[in-house]
Protein chains: 2
Amino acid sequence: MKQKSMHSADKEIRINDRKKLTQTKYQKVDNIIRQRLIDNVWKPGDILPSEIQLAAELNVSQGTVRKALNDMVAEHLLFRQQGIGTFVSEHTERRALFLYFSIVGNDGTRILPESTILSCEEKLPSPLEQARLELNDGEMVVRFHRIRYFDNISTIIETICLPLEHFPGFGSEMEPPNNLFRFYQLSYGITIAKAEEHLKAVSASAEEATILNIDEGTPMLEIDRVARMLDGRPVEWRVSHCDTRNYKYISERG
Amino acid sequence: MKQKSMHSADKEIRINDRKKLTQTKYQKVDNIIRQRLIDNVWKPGDILPSEIQLAAELNVSQGTVRKALNDMVAEHLLFRQQGIGTFVSEHTERRALFLYFSIVGNDGTRILPESTILSCEEKLPSPLEQARLELNDGEMVVRFHRIRYFDNISTIIETICLPLEHFPGFGSEMEPPNNLFRFYQLSYGITIAKAEEHLKAVSASAEEATILNIDEGTPMLEIDRVARMLDGRPVEWRVSHCDTRNYKYISERG
DNA sequence: CAGTGGTCTAGACCACGCG
DNA sequence: GCGTGGTCTAGACCACTGG
């Protein structure tokens, strides 16, 4: 009765599709699962129901569920292990290193640098901060600075700005840890899903030069990055200034 | 007779798989098609046989061919148009702009800059050039310099090094055009399939400062890139120095 | 051993582009 | 109308994991 013949079921769904501008079944499945990640129904590290269970629940075939899941695996939102199941991705050290940290040693060595917080304050955003984080008038931000070290040598200065709305009490209870994305996820339920980085070459300011113990005017790589959560809203604006004499930024193309 | 039952055909193939360390059918199909691209059996712009024809030729199902083709579409080697067919990708202006050129205006505008060749010579490679291009001892290179202009304002200085073996007579017959990748493809049958970029911040040398009409020591973004062809061998080493005061390098993450 | 994801097949219908 | 790729289904067997 539920699904007597393929033909009638298809037609029924297609009528819905027209309302939603030709959304396919696997896109619907994708959106349902995505929404459950946004709503924290399934949390990072959780195992999802098997393909067969999902297919039964959503009244589609296993192949349709599979296509939706594989699409999300390609976006790094999920990962799969043959013989075990499908899991929600976590912001582990390894993921931070390979997905969201592009600075490596001149020889290609990948290390996530240690960090020290310099200052932290809650403020009304500057016009630029408000624009980058797409905030409404009057919404507050948390802004802080930190230095990052490779092998105890200070190399990067970061200025990080967060919408206070999503990070209540940030920095007041405890020192934010080195892996911020993991901290956002564990303490605030916010998963970073993608980011766009803008790079320029700039000169070290007098202040930066003092902090990093380098000459004023030394060329530095500026990485200007807005990170977004699962629903696409921006949740972090970070500007990093990096001394690239012993390190480099890497990017694959094609 | 050819394929009487699914079971026996599967077993036969699986024996071959064990020899090749468990290569799947769609991977074999992928490799066959990839090799035909390398061998220029199907050239850029060509339309491939339909999925059904390929499936019949290779003795697999349409779904297996589809998976192989879709994997190659994800690598930008092919593209598909519903109702028409599957095509071999070309290095068009548009592809160069979105896939292999990451410099945009401060407002995000994408333009491919014009170029002027400064000098061009055939030489024995420096040790660094030999290493980057993975050349054997004694193999020659073509090295040339060019300036690139946005709106007639010189902004980028490039040093480009090519293995002479793959580019006989390069630069001697005619001035290489602005879109080099397209030129490599049309004139030498070499398709660039991927590239790795290494970025640093450096200071403008006296020579660069003169050529670009900027101050010596101005911070410049250095883009060090090795481009590889379909079989993975390196065919171009390019170092670009870019004045990023009015432009920026962009990169998507996640 | 049972259960999971991974591969492969066969066949249906749809959306699209073209003649 | 026909052929293309795109979606969807159903069912088979494989490879892997863990009890």
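Lettering follows sequence order; numbering is per chain, from 1. What you see below is based on every heavy atom in this structure, not just the backbone, and it leaves out hydrogens, waters and symmetry mates.
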Quick one: [X] [atom1] to [N] [atom2], roughly how many Å, whole number?
{"X": "I52(A)", "N": "dT4(C)", "atom1": "CD1", "atom2": "C1'", "answer": "8 Å"}
{"X": "N59(A)", "N": "dC8(D)", "atom1": "CG", "atom2": "P", "answer": "14 Å"}
{"X": "E51(A)", "N": "dA2(C)", "atom1": "CD", "atom2": "P", "answer": "20 Å"}
{"X": "Q62(A)", "N": "dG6(C)", "atom1": "CD", "atom2": "C1'", "answer": "10 Å"}
{"X": "F87(B)", "N": "dG17(C)", "atom1": "CZ", "atom2": "P", "answer": "12 Å"}
{"X": "I47(B)", "N": "dC18(C)", "atom1": "CD1", "atom2": "P", "answer": "11 Å"}
{"X": "L58(A)", "N": "dT9(D)", "atom1": "CG", "atom2": "P", "answer": "11 Å"}

**Q.** Presence of salt bridge, R80(A) and E51(A), under 4.0 angstrom
**A.**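 Salt bridge flag = yes for R80(A) with E51(A).
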Q.
Regarding R146(B) and E114(B), does a basic nitrogen lie under 4.0 Å from an acidic carboxylate oxygen?
A. no
**Q.** Which nucleotide in dT7(C), dT7(D), dT4(C) has an atom nearest any side-chain atom of Y26(A)
**A.**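 Selected nucleotide: dT7(D).
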Q | Of the listed nucleotides dG5(C), dA10(D), dT9(C), the one nearest the side chain of S61(A) | A |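 Of the candidates, dA10(D) comes closest.
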Between [X] and [N], is there a contact of a side-chain N or O with OP1 or OP2 at under 4.0 Å?
{"X": "S50(B)", "N": "dG3(D)", "answer": "no"}
{"X": "T86(A)", "N": "dT4(C)", "answer": "no"}
{"X": "K25(A)", "N": "dG6(D)", "answer": "no"}

**Q.** Minimum-distance pair of heavy atoms, taken over all atoms of Q185(A) and S89(A)
**A.**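 Looking at all heavy atoms of both residues, the shortest contact is NE2-O, 4.0 Å.
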Q | R95(A) NZ/CZ over F98(A) ring centroid, <6.0 Å and within 45° of normal | A | no
Taking C-beta and beyond as the side chain, do [X] and [Y] meet within less than 4.5 Å on heavy atoms?
{"X": "F101(B)", "Y": "R148(B)", "answer": "yes"}
{"X": "L99(A)", "Y": "R253(B)", "answer": "no"}
{"X": "F181(B)", "Y": "E236(B)", "answer": "yes"}

(Q) Heavy atoms within less than 4.0 Å of DNA chain D: which residues of residues 64-85 of chain B have one? Give them sorted by number. (A)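 R66(B), R80(B), Q81(B), Q82(B), G83(B), I84(B), G85(B) - these, ordered by number, are the residues of the stretch whose heavy atoms sit under 4.0 Å from the strand.
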